[in-house]
Amino acid sequence: MNIYTLWMTKFGALSPVTQVAIMVGMATISSDILAVLAFFVIGLRTPYHVAGVTTVIVVLVSVPLGAFLVGLNFKLKQLAAQLDLESRRDDLTELLNRAEFYVQAQGLFLAARPMDSAGALLYIDADHFKAINDRFGHAAGDEVIHEIGRVIRANIGARDLAARIGGEEFTVFLADADLGRANWISHKILMATRTIGRELGLDTTAITVSIGIALHEPGQSLEETLGVADKYLYSAKHQGRNRVVYG
């Protein structure tokens with residue numbers, strides 16, 4: 001990173017007011033120096049009021065201009081940050097999307113010591129979701145998916161990851177969790193999901209999920225852990241759904 005890039009990075013991290021103050025200060029000092037040099041070069045005595053007049057003119061011009069430019073840059077940075085966030089999240093649930101989940105989960109796996117487990121992974125699938133769409137319509141189905149996402153967010157910790165990886169499929173990675181915590185969180189999600197149908201006014205339709213839990217084994221890859229969780233999810237479906245299964 002060169003000096004210019006370093007300076008622009010530090011300057012961009014300052015507050016908008018500080019950026020404007022620096023710009024106005026630099027412009028004022030530069031204009032006063034140039035005015036004095038100009039009078040010196042042409043052999044005129046520099047009137048003391050020249051610097052004052054120059055300062056006033058520069059301030060009057062640069063303050064609104066600097067405020068406009070800095071404000072525009074600040075809005076562009078906010079927009080860029082918002083677009084970056086949206087590109088990494090699922091619109092319907094506000095959970096991570098598949099790609100971002102893989103990136104962040106891989107980071108947690110790599111950060112774990114080779115002899116330790118990184119945590120537990122939950123594979124969650126909404127039961128009979130096609131029937132919900134067929135009976136109540138896709139708008140109602142979207143509301144159900146949104147509410148399942150809300151339930152998941154409400155029951156995990158700040159360091160945990162949650163994503164919607166398919167139409168009605170979700171994954172949760174519980175950092176540093178053992179099987180006991182994973183089972184406890186899974187049952188909280190299971191119980192809270194059962195109230196969604198009533199809350200959305202979907203008659204007496206029960207909204208349920210099936211959950212497979214895989215505890216990450218030392219040295220195991222993310223794909224391998226997902227495969228184990230998927231196997232237990234399939235077992236939960238085979239046993240009648242609306243349950244948690246683990247090894």
Legend entry - Nearest-0.5 Å distance that lies between atom NE2 in His216 and atom CG in Leu121: 10.0 Å
Legend entry - Ile124 CD1 to Ile148 CD1 distance, which is reported to the nearest 0.5 Å: 9.0 Å
Legend entry - Single-linkage hydrophobic cluster Leu92~Ile189, side-chain heavy atoms < 4.5 angstrom: yes
Inset, instruction - Give the intermediate values and the outcome of side-chain contact (heavy atoms from CB on, under 4.5 Å) for residues Arg194 and Ile207. - result: CA-CA 5 Å; Arg194 291 171 182 168; Ile207 306 299; over 6 Å; no
Inset, instruction - May I ask you to check whether Asp142 and His146 show a side-chain donor-acceptor distance below 3.5 Å? - result: no
Legend entry - Side chains of Val244 and Tyr246 in contact at under 4.5 Å (non-hydrogen atoms): yes
Inset, instruction - Answer yes if Ile152 and Leu200 sit in the same cluster of Ile, Leu, Val, Met, Phe, Trp and Tyr residues linked by side chain heavy atoms under 4.5 Å apart, and no otherwise. - result: yes
Inset, instruction - Begin with the C-alpha distance, continue with both residues' side-chain angles, and end with the deciding distance and a verdict on side-chain contact (heavy atoms from CB on, under 4.5 Å) for Phe170 and Ile165. - result: CA-CA 5 Å; Phe170 305 83; Ile165 62 170; over 6 Å; no
Inset, instruction - Kindly give the heavy-atom pair with the smallest separation between Asn242 and Ser210, and that separation in Å. - result: N-OG, 3.3 Å
Inset, instruction - For residues Arg243 and His187, determine if any side-chain heavy atom of one lies less than 4.5 Å from a side-chain heavy atom of the other. - result: no
Inset, instruction - Any chance you could measure Lys237, atom NZ, to Ile211, atom CD1, to the nearest 0.5 Å? - result: 10.5 Å
Inset, instruction - Test side-chain contact (heavy atoms from CB on, under 4.5 Å) on Asn97 and Arg89 and set out the steps. - result: CA-CA 5 Å; Asn97 58 31; Arg89 293 195 176 275; 5.9 Å; no
Inset, instruction - Report the C-alpha separation of Phe109 and Phe173 in whole Å, then their side-chain angles, then the decisive distance to 0.1 Å, and conclude whether the ring pair (Phe, Tyr, Trp, His ring centres under 6.0 Å) test is met. - result: CA-CA 10 Å; Phe109 273 48; Phe173 184 71; 5.2 Å; yes
Inset, instruction - Tell me whether Tyr232 is reachable from Tyr234 by hopping between hydrophobic residues (I, L, V, M, F, W, Y) whose side-chain heavy atoms are closer than 4.5 Å. - result: no
Inset, instruction - Calculate, to the nearest 0.5 Å, the distance between atoms CG and CG belonging to Asn183 and Leu122 respectively. - result: 9.5 Å
Inset, instruction - Identify whether Leu108 and Leu226 are in the same connected component of the hydrophobic contact network (ILVMFWY, side-chain heavy atoms under 4.5 Å). - result: yes
Inset, instruction - Would you give the length of the straight line joining atom CG of Asn155 to atom CH2 of Trp184, rounded to the nearest 0.5 angstrom? - result: 8.0 Å
Inset, instruction - Check salt bridge (charged side-chain N to carboxylate O under 4.0 Å, His left out) between Glu147 and all other residues, then give those that pass, not counting sequence neighbours. - result: Arg150
Legend entry - Heavy-atom pair with the smallest gap, counting every atom of Ile213 and Ser186: CD1-OG, 3.3 Å
Inset, instruction - Of all the heavy-atom pairs spanning Thr225 and Gln220, show the shortest one and how long it is. - result: OG1-OE1, 2.9 Å
Inset, instruction - Answer whether the closest heavy-atom distance between the side chains of Leu174 and Ile185 falls below 4.5 Å. - result: yes
Inset, instruction - Give a yes or no on whether Phe129 atom CZ has more than 12 heavy-atom contacts from other residues, nucleotides or ligands under 6.0 Å away. - result: yes
Inset, instruction - Identify whether the distance between the nearest side-chain nitrogen and carboxylate oxygen of Arg181 and Asp160 falls below 4.0 Å. - result: yes
Inset, instruction - Determine, for Asp90 against Arg98, whether the closest basic-nitrogen to carboxylate-oxygen distance falls under 4.0 angstrom. - result: no
Legend entry - Same apolar cluster: Ile156 and Leu179, side chain cutoff 4.5 Å: yes
Legend entry - Within-4.5 Å side-chain heavy-atom neighbours: Leu190 and Val209: yes
Legend entry - Heavy-atom closest contact (Ala175 atom, Arg159 atom, distance): CB-NH1, 3.7 Å
Inset, instruction - Check whether any side-chain N or O of Arg164 sits under 3.5 Å from a backbone N or O of Gly166 as a donor-acceptor pair, and report yes or no. - result: yes
Inset, instruction - With rounding to the nearest 0.5 Å, note down the distance linking CZ in Arg241 to OG1 in Thr208. - result: 8.5 Å
Inset, instruction - Write down the atom of Ala214, the atom of Ala229, and the distance for their closest heavy-atom approach. - result: CB-N, 3.4 Å
Inset, instruction - Could you give me the CA-CA distance, side-chain angles and deciding distance for Gln239 and Val245, then say whether side-chain contact (heavy atoms from CB on, under 4.5 Å) is met? - result: CA-CA 9 Å; Gln239 292 178 36; Val245 175; 3.9 Å; yes
Inset, instruction - List the atom of Leu215, the atom of Gly119, and the distance in Å for their closest heavy-atom pair. - result: CD1-O, 3.6 Å
